[in-house]
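One structure below.
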Amino acid sequence: MATITELKARVADLERQLADALQTKSAPNRGKITQMSAEVVDSNPYSRLMALKRMGIVENYERIRDFTVAVVGVGGVGSVTAEMLTRCGIGKLLLFDYDKVELANMNRLFYQPHQAGMSKVEAAERTLKEINPDVEFEVYNYNITTTENFDHFQGRIKQGGIGGDKPVDLVLSCVDNFEARMAINMACNECDQKWFESGVSENAVTGHIQFLIPGETACFACAPPLVVASKIDEKTLKRDGVCAASLPTTMGVVAGFLVQNVLKYLLQFGDVSYYLGYNAMLDFFPRMILKPNPQCDDSYCKKRQTEFQAREATRPKVQVEITEAEVVHEDNEWAIEIVSETTADELAAAEGDQPELTKGVRVAYTTPAPTQGGDQDATVQDSGQSLDDLMKQMQGL
Amino acid sequence: MVDEVTKKTLAQIPLLKTKAGPRDGEQWIQRLKEEYQSLIQYVKNNKDADNDWFRLESNKEGTRWFGKCWYIYELIKYEFEVDFDMPITYPTTAPEIALPELDGKTAKMYRGGKICLTDHFKPLWARNVPKFGIAHAMALGLGPWLAVEIPDLIARGVVIPKDAGAGDKS
């Protein structure tokens with residue numbers, strides 16, 4: 001039997017726990033804020049963001065409320081991306097994912113163990129609304145790559161903007177597989193929609209972001225996947241082990257890069273990176289621009305390329321004259337000057353026809369040139385049977 | 001990167017010629033016909049070589065495929081349901097073949113039981129668009145996966161013969 005003192009202590013302890021619980025519960029969700037204010041008070045969630053204006057970084061931070069961003073995939077990278085945008089006060093977010101929260105996700109950021117079993121988009125919406133009730137949400141719990149959902153997905157890109165009759169401002173790909181990336185690529189090329197691609201490798205030690213402007217920069221189908229030298233023997237990776245490793249660190253870095261460039265693009269400050277790689281083993285960050293492939297496999301990409309070139313041709317040429325002050329040494333008695341041994345043209349000729357890649361990046365594979373009728377024998381010939389006949393024949397085997 | 005037997009099997013599967021996905025209307029019907037022709041030939045080849053190992057069929061639109069595959073190990077036959085959706089990006093991207101009943105039983109799967117393919121599958125597929133079809137995906141993807149994974153799953157006791165399970169109860 002417990003003594004009265006023990007019981008009293010227990011009651012006091014429980015009362016404290018109850019009070020704690022009640023306090024967390026009763027912490028009022030702040031109401032919506034109609035106008036972003038720059039006033040520096042503890043209760044203003046936007047004061048530090050609005051300070052970017054005073055610091056001369058962003059001209060008009062309030063504009064962030066006019067923008068809509070669609071995040072496809074709210075896993076390790078996408079959920080953190082959505083949280084950053086929510087905290088920055090983005091106008092509207094559309095979230096797409098067909099997965100559920102699992103305990104196996106807990107090595108990454110954002111989701112919490114008690115959310116296991118919930119759909120990712122629903123769990124994310126709840127948390128994010130609590131963080132910032134000013135953001136408008138639209139969430140879809142489906143797989144965008146299947147025929148029945150793809151049209152709807154494309155419809156939301158075209159009409160998902162604030163107000164409902166304009167396209168979203170950006171689509172962010174935070175998915176974990178090639179098929180979904182190709183589906184987003186297809187949708188964005190067709191809708192002429194600018195988008196960012198992001199990814200972390202299956203071994204969790206490299207990542208990248210890429211800005212894709214249909215017609216202007218390479219689309220996802222333009223170039224075969226690039227591989228950043230990872231300092232690991234690739235052959236040792238996959239065979240015996242799990243399919244995908246992941247680290248909260250790499251995913252956090254990539255999400256940070258992604259949102260940073262989204263903010264730079266939307267709020268017009270700094271230079272937006274077209275491709276930014278991250279190699280965690282060497283802390284190496286290749287940065288480059290990828291030009292579209294005139295022979296791209298995606299017909300809409302080629303269409304956008306023609307449109308872009310037509311636009312470029314009609315645009316008045318802005319001549320930026322860079323007048324570099326001539327370096328004059330105080331004395332150069334013998335008129336010594338530095339001249340390159342090879343011209344730029346000579347160098348290019350020596351290199352041959354190669355895609356423009358940054359140091360440390362190589363092409364994973366090349367595609368053979370199409371053969372003209374060479375495979376005739378090995379190809380299926382039209383047997384004149386209807387599809388129904390063929391289906392029956394297959395079932396009858 | 002591909003062993004000789006697989007190479008030979010592969011060479012006997014008719015190649016396809018129409019590059020069309022589920023959103024391409026009439027062209028897709030043509031592609032479906034080719035898919036079926038190629039699959040029928042592949043199943044026939046398997047039967048002739050006494051290595052019949054799967055059946056597949058699709059819905060009317062050819063967007064969803066389902067069937068069975070089996071693997072014989074130490075004279076016992078293990079059978080599994082197979083299914084996959086045709087991605088709208090097909091045939092640029094290969095279908096993601098799934099064995100839903102093995103989901104969670106092996107690390108070499110993605111969620112939903114989609115099998116994990118080897119490093120060389122995707123480059124090989126990409127180099128052969130649009131000539132490769134479902135039959136090739138089965139031969140290069142699911143076949144080798146079963147050959148490696150099923151013996152391991154059986155050894156670990158994760159997969160047991162279906163009859164044996166019923167026998168224990170009686």
Side-chain angles (χ1 to χ4, degrees), chain A residues 98-100 102 104 143-151 153 176-187 202 221 224-225 234-235 237-244 297-298 364-368 375-383 385-397, chain B residues 11-17 19 21-23 29-30 32-41 43-44 47 52 55-58 60-64 67 85-90 92-96 106-112 114 116-119 122-124 126-129 131 133 148:
Chain A
Y98 67 95
D99 227 359
K100 285 193 164 65
E102 287 167 10
N143 178 354
I144 60 155
T145 68
T146 59
T147 343
E148 63 261 40
N149 299 325
F150 186 75
D151 288 343
F153 170 62
D176 61 359
N177 63 85
F178 182 63
E179 293 73 20
R181 288 189 171 90
M182 288 298 275
I184 297 169
N185 188 58
M186 195 181 212
E202 288 193 329
E234 311 258 342
K235 291 287 160 294
L237 283 176
K238 262 247 200 82
R239 279 295 189 172
D240 335 271
V242 289
C243 287
D297 215 27
D298 186 308
Y365 65 90
T366 52
T367 316
D375 294 315
Q376 215 55 288
D377 297 340
T379 309
V380 283
Q381 300 302 321
D382 201 348
S383 61
Q385 285 167 297
S386 76
L387 187 54
D388 281 342
D389 290 342
L390 288 164
M391 283 183 170
K392 281 209 188 82
Q393 199 183 335
M394 183 76 194
Q395 283 167 9
L397 277 171
Chain B
Q12 289 171 345
I13 305 174
L15 297 169
L16 290 76
K17 42 189 177 184
K19 185 172 182 260
R23 296 166 76 229
I29 301 296
Q30 181 55 37
L32 268 183
K33 281 193 195 174
E34 294 175 17
E35 291 284 1
Y36 268 103
Q37 280 179 274
S38 166
L39 272 167
I40 289 167
Q41 188 58 49
V43 172
K44 279 183 181 162
K47 282 185 167 182
D52 195 19
R55 283 293 177 281
L56 274 180
E57 53 183 297
S58 72
K60 205 159 69 357
E61 297 78 24
T63 52
R64 180 147 187 82
D85 284 307
M86 263 307 159
I88 42 105
T89 42
Y90 189 81
T92 304
T93 66
E96 297 178 284
T106 160
K108 290 174 204 177
M109 271 190 165
Y110 299 103
R111 59 181 172 230
K114 290 173 182 168
C116 204
L117 298 163
T118 55
D119 274 347
K122 281 183 184 178
L124 195 57
R127 290 171 64 92
N128 287 286
V129 174
K131 292 182 285 178
V148 173

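Remember, predicted model here, so these are calculated numbers, not experimental data. Letters go in sequence order (proteins before strands), and every chain restarts at 1. Below, each value reflects all heavy atoms present in this structure, side chains not excepted, and no hydrogens, waters or symmetry copies.
When each of B:T92, B:I88, B:T63 is scored by its heavy-atom pairs under 4.5 Å with chain A, the top score falls to B:I88. Ranked by heavy-atom pairs shorter than 4.5 Å toward chain A, the options B:T89, B:N128, B:T106 are led by B:T89. Highest contact tally toward chain B, considering only A:N185, A:D176, A:I144, is held by A:D176 [criterion: heavy-atom pairs under 4.5 Å]. Residue with the most contacts toward chain A among B:I29, B:D52, B:V129, B:L56: B:L56 (heavy-atom pairs, distance under 4.5 Å). Taking chain B as the reference chain and counting heavy-atom pairs below 4.5 Å, the highest number among A:D297, A:D389, A:N177, A:L390 is found for A:L390. Of the listed residues (B:I13, B:L32, B:T93), the one with the most heavy-atom contacts under 4.5 Å to chain A is B:T93.
How far CD of B:E34 is from OG1 of A:T379: 8.5 Å, rounded to the nearest 0.5 Å. Atom-to-atom distance recorded for B:C116:SG and A:E202:CD is 6.0 Å, nearest 0.5 angstrom.
Contact of the A:M186 side chain with the B:R23 side chain is registered, since non-hydrogen atoms from C-beta on lie closer than 4.5 Å. Side-chain contact check for B:Y36 versus A:Q393: every heavy-atom pair is 4.5 Å or farther apart. Counting only heavy atoms from C-beta outward, the side chains of A:T145 and B:D85 never approach each other to under 4.5 Å.
In this structure, B:V43 and A:M394 approach most closely via the heavy-atom pair CG2-CE, 4.0 Å. For the residue pair A:L397 and B:K47, the shortest heavy atom distance occurs at C-NZ, 3.3 Å. The heavy-atom pair separating B:P14 from A:V380 by the smallest distance is CB-CG1, 3.2 Å. A:Q381 and B:Q37 get closest at one heavy-atom pair: O-NE2, 2.7 Å.
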**Message:** Under the criterion salt bridge (Lys or Arg N to Asp or Glu O under 4.0 Å), I'd like the reasoning laid out for B:K33 against A:D388: C-alpha separation, chi angles, the key distance, then a yes or no.
**Reply:** CA-CA 9 Å; B:K33 281 193 195 174; A:D388 281 342; over 6 Å; no
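The pair B:E57-A:K392 fails the salt-bridge criterion, with no side-chain N (NZ, NE, NH1 or NH2) lying under 4.0 Å from an Asp/Glu carboxylate O.
Of the two parts of A:E148, neither the backbone nor the side chain holds a non-hydrogen atom closer than 4.5 Å to a non-hydrogen atom of chain B. With a threshold of 4.5 angstrom between heavy atoms, B:Q12 does not approach chain A through any atom at all. When heavy atoms are compared at a cutoff of 4.5 Å, A:D298 does not approach chain B at all. Within the 4.5 angstrom heavy-atom criterion, no atom of B:A11 approaches chain A. For A:Y98, the part lying under 4.5 angstrom from a heavy atom of chain B is the side chain only. Contacts of A:D99 with chain B are made by side-chain atoms alone, with heavy-atom separations under 4.5 Å and no backbone atom involved. Both the backbone and the side chain of A:E179 come within less than 4.5 Å of a heavy atom in chain B. Using a 4.5 Å cut-off between heavy atoms, A:D151 touches chain B through its side chain atoms alone. Using a 4.5 Å cut-off between heavy atoms, A:M391 contacts chain B through both its backbone and its side chain. Heavy atoms closer than 4.5 Å to chain A are found in the backbone of B:K60, but not in its side chain.
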